[in-house]
Amino acid sequence: MFEAEQKQIEERIQAYAAAQGLELPVIQWKWIPFSGDWGLSTSFFQAAAMEARQGKKINVQQRAQEIAEAVAADLEGMQGFERIEAVRGYLNLYFSAPEYARKVVDTVLEEGDRFGCLPRRGERVMVEFSQPNTHKAFHVGHLRSAILGDALCRLLECAGYDVVRANYPGDIGLHVIKWLWNYQKYHAGERPSENITRWMGDLYAEASRRLENNPEAEAEVRALYARWDQRDPELVALWEETRQWSLDGFAEMYKRLDICFDRYYFNSMAEQPGKAIVQELIAKGIASDERPDGPVVVKLDELLGLDEEKYRVLVVLRSDGTALYATEDLALAKIKFEDYPDLVKAYYVVDVRQSLHFTQVFKTLELAGYPWADRLQHVPYELVNLPGNVVMASREGTVVLLEDLIREAISRARAVVEEKNPELDEALKQAVAEAVGIGAIKYPMLARENAKIVTFDWETALDFNGQASPYIQYAHVRANSILRKAGGELLDSQPVTYELTPEEKELIDLITRLPNEVQRAAKELKPLYIANIAYDLAKSFTDFYYACPVLQAEEPVRNFRLRLVMATRQAIKNSLALLGITAPEAM
RNA sequence: GCCCCCGUAGCUCAAUGGACAGAGCGCCUGACUUCGAAUCAGUAGGUUGUGGGUUCGACCCCCGCCGGGGGCGCCA
């Protein structure tokens with residue numbers, strides 16, 4: 001947020017160093033720890049180490065401190081800083097707080113909902129996420145891709161990209177055929193009740209059970225698969241109708257979760273184009289056709305002339321000529337770039353177990369000469385497991401259904417609202433319960449390294465205390481509450497003419513960090529950074545809240561604090577929005 | 001056999017190669033006539049799995065080892 005100031009100081013320091021015959025590396029700015037004050041910091045260890053490497057007999061620590069002291073002396077009296085010090089090799093510049101504090105608050109209030117975001121870059125990216133299987137249950141294990149992918153979309157959008165949100169439902173495959181078999185035979189004519197997804201999932205589980213108990217029924221399923229391959233019109237019609245039921249069920253859940261998509265790619269769409277690409281690969285000599293004794297494979301290590309196994313072998317078509325996931329993924333990438341030739345990146349938010357698969361698919365496309373192959377990127381994340389490291393699997397019955405979790409979270413949040421704020425009107429209570437319940441589900445999935453396993457248990461998932469979304473939302477509500485009592489109108493910006501408290505400085509410091517965190521998080525594809533700053537902002541505001549009276553304060557303190565509260569409310573709201581969490585007005 | 005990820009307080013997790021490794025939960029004690037107690041204050045808790053290396057400086061980078069998880073020719 002202070003790039004211009006930083007640059008100015010950098011030039012000044014470099015000019016001083018040049019005059020002294022000192023060689024300095026690029027100056028890197030950090031924040032000052034422990035001080036309770038607010039400013040910029042850099043160190044001279046690298047400069048000192050460079051001298052040492054050139055053969056000078058010096059103690060790096062001492063020399064760094066010498067340089068810091070000399071630079072501090074040169075910078076003495078610099079405009080905009082109330083104090084400059086050299087400590088243990090570090091140069092600390094403390095902002096002239098009144099001046100910068102006003103600037104920060106003004107900037108936030110001016111930028112509003114866009115505060116923290118960067119200008120449009122004119123570059124388009126696609127994020128594919130949430131690939132649910134139709135004709136199956138949607139459980140908590142499927143939630144992470146949806147929540148993570150959605151947060152990444154929001155983050156990338158804020159970082160200036162045009163984002164295409166793509167879903168890729170698994171709408172065909174053996175699981176679908178099994179479902180259709182069971183439906184035709186035992187449930188013909190039935191229609192789903194209000195809990196569509198649960199009903200679809202139950203029928204799938206039933207199909208699996210029946211097939212386990214009657215192995216001879218497998219022949220019927222195989223026959224049905226053959227009819228599908230022939231595109232039997234009656235079967236296709238049934239497939240289309242039942243698939244829509246699943247999609248309707250998913251749409252309800254996405255709506256509840258406030259997750260949307262611009263584009264749906266279906267597994268089934270990629271089946272035929274995938275087979276065409278395989279033909280092309282065979283023609284180009286990239287794929288080896290081992291049929292009928294084996295499948296069609298791409299021997300990546302061999303093609304690349306590698307001695308050690310790295311990419312291994314990718315199977316791109318079954319020996320019976322039917323498509324695999326890899327077949328479809330080859331085609332899907334091509335379709336994406338036909339639809340959006342200008343994509344600078346196509347992200348795949350898919351769990352980490354498929355890392356090798358994507359490495360292979362992307363490498364194969366590269367070998368096939370597709371120029372956009374290097375723009376494909378897998379964004380891996382770890383699974384959501386149950387306690388005891390139990391994987392959620394529909395077949396094992398070890399699942400927590402998403403709709404159960406959503407219902408329970410909202411109903412618990414609702415109970416707390418009833419208790420804490422009974423006078424709210426009905427519609428508002430429900431809105432608050434949804435914001436809090438959904439936030440409580442999303443936050444723990446985002447406030448964690450993508451590469452770390454999330455263990456789901458009901459107690460933690462529904463715990464509204466501590467470092468959790470409701471705490472952050474509550475800070476927003478209290479800020480809002482002060483502003484409501486003050487009348488709600490935007491006060492004029494005035495010079496800050498009083499000594500700011502440590503709590504005010506800390507809060508302002510955190511607000512200024514948000515734009516940086518957005519940039520880092522977007523670059524590294526880690527919403528975790530936003531989850532952290534959102535919590536830090538809430539915590540810091542709470543400290544401020546208890547230490548600094550606002551409404552009862554005398555002018556001019558009252559004016560600035562009201563504007564600071566307004567800026568904080570905005571910063572918290574924006575950081576939650578990046579996570580896909582709503583900041584309620586009351587709760 | 002080859003490859004990837006994880007290991008930090010009792011538990012769940014943070015921490016741009018930088019100054020003193022921080023939160024939450026749980027335990028105990030205290031605070032509502034207060035801008036809202038979904039809150040706050042206080043106490044306790046660490047050889048960052050382990051052995052080396054690189055660096056002025058390592059939880060972070062490199063190598064080995066231990067422990068846990070995952071992936072590796074016709075599942076998705």
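Note that the coordinates shown come from a computational prediction; the quantities given were computed from them, not determined experimentally. Quick note on labels: first sequence line is chain A, next is B, and so on, each numbered from 1.
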So, does the side chain of [X] form a donor-acceptor pair with the base of [N] at under 3.5 Å?
| X | N | result |
| --- | --- | --- |
| Arg312(A) | C3(B) | no |
| Asp463(A) | A38(B) | no |
| Ser41(A) | A19(B) | yes |

Would you tell me if any nitrogen or oxygen in the side chain of [X] comes within less than 4.0 Å of OP1 or OP2 on [N]?
| X | N | value |
| --- | --- | --- |
| Arg520(A) | U16(B) | yes |
| Arg318(A) | A76(B) | yes |
| Tyr545(A) | A41(B) | no |
| Lys485(A) | G36(B) | yes |
| Ser481(A) | C35(B) | no |
| Tyr474(A) | A38(B) | yes |
| Lys452(A) | U12(B) | no |
| Arg353(A) | G71(B) | yes |
| Lys539(A) | A23(B) | no |
| Asn465(A) | U39(B) | yes |

Side chain of [X] only, please: which of [options] is the nearest?
| X | options | answer |
| --- | --- | --- |
| Pro470(A) | G36(B), A38(B), G24(B) | A38(B) |
| Tyr325(A) | A14(B), A76(B), G36(B) | A76(B) |
| Tyr471(A) | C75(B), C40(B), A38(B) | C40(B) |
| Val436(A) | A19(B), A15(B), A38(B) | A38(B) |
| Val60(A) | C56(B), G18(B), G36(B) | C56(B) |
| Val417(A) | A38(B), A15(B), G24(B) | A38(B) |
| Lys30(A) | A41(B), G18(B), G36(B) | G18(B) |

(message) Distance to the ring centre below 6.0 angstrom and angle to the axis at most 45 degrees; does that hold for Arg448(A) and Tyr443(A)?
(response)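 Pair Arg448(A)/Tyr443(A) does not count as cation-pi.
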(request) Compute both the distance and the angle, then confirm whether Arg63(A) meets the cation-pi test with Phe44(A): under 6.0 Å from the six-membered ring centre, within 45 degrees of the axis. (result)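 The answer is no; the distance or angle limit is not met.
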Can you measure [X] atom [atom1] to [N] atom [atom2] for me and round it to whole angstrom units?
| X | N | atom1 | atom2 | answer |
| --- | --- | --- | --- | --- |
| Leu317(A) | C74(B) | CG | P | 13 Å |
| Asn133(A) | A76(B) | CG | P | 10 Å |
| Leu383(A) | C5(B) | CG | P | 16 Å |
| Gln46(A) | C56(B) | CD | P | 11 Å |
| Leu306(A) | C2(B) | CG | C1' | 13 Å |
| Leu462(A) | A38(B) | CG | P | 19 Å |
| Gln354(A) | G69(B) | CD | P | 21 Å |
| Arg88(A) | G18(B) | CZ | P | 15 Å |

Taking atom [atom1] in both [N] and [M], what distance in whole Å separates the two?
| N | M | atom1 | answer |
| --- | --- | --- | --- |
| G45(B) | C40(B) | P | 23 Å |
| A14(B) | G57(B) | P | 29 Å |
| C13(B) | G49(B) | P | 15 Å |
| A15(B) | G7(B) | P | 11 Å |
| C56(B) | C3(B) | P | 31 Å |

Regarding [X], tell me which of base, sugar-phosphate or nothing describes its non-hydrogen contacts under 4.0 Å with the strands shown.
| X | answer |
| --- | --- |
| Asn389(A) | sugar-phosphate |
| Val313(A) | base |
| Leu551(A) | base |

(message) Quick check, does Phe45(A) stack with G57(B)? I mean ring centres under 5.5 Å and planes off by under 30°.
(response)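 A stacking contact does not exist, since Phe45(A) is not both close and nearly parallel to the base ring of G57(B).
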(request) Determine, answering yes or no, if Tyr535(A) is stacked on A23(B) under the 5.5 Å centre rule and the 30° plane rule. (result)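 Here Tyr535(A) fails the 5.5 Å or the 30° condition.
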(request) Inspect the contact between Arg318(A) and Asp320(A) and indicate whether a charged nitrogen and a carboxylate oxygen are less than 4.0 angstrom apart. (result)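 No, no charged N to carboxylate O under 4.0 Å.
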(request) Determine, for Arg83(A) against Asp37(A), whether the closest basic-nitrogen to carboxylate-oxygen distance falls under 4.0 angstrom. (result)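 A salt bridge is present here (some side-chain N lies under 4.0 Å from a carboxylate O).
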Can you tell me the pairing partner of [N] across any strand shown, Watson-Crick or G-U wobble, with both distances under 3.5 angstrom?
| N | value |
| --- | --- |
| C2(B) | G71(B) |
| G64(B) | U50(B) |
| G22(B) | C13(B) |
| A41(B) | U29(B) |

(request) Would you name the heavy atoms of Val565(A) and Phe544(A) that are closest together and state the gap between them? (result)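 That closest heavy-atom pairing would be CG2-CE2, 3.7 Å.
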(message) Check for me whether the distance between the ring centres of Phe266(A) and Tyr168(A) falls short of 6.0 Å.
(response)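 That pair fails the under 6.0 Å test.
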(message) Please tell me whether Tyr90(A) and Phe45(A) form a close aromatic pair, meaning their ring centres lie under 6.0 Å apart.
(response)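 Yes, ring centres under 6.0 Å apart.
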(request) Decide, for G67(B), between syn and anti: a glycosidic angle within 90° of 0 counts as syn, anything else as anti. (result)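 Anti.
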(request) Test side chain to side chain contact (heavy atoms under 4.5 Å, CB included) on Glu524(A) and Tyr529(A) and set out the steps. (result) CA-CA 10 Å; Glu524(A) 296 177 36; Tyr529(A) 299 150; 2.6 Å; yes
(message) Can you confirm whether the side chains of Arg88(A) and Gln65(A) place a donor and an acceptor under 3.5 Å from each other?
(response)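 Absent: no donor and acceptor within the cut-off.
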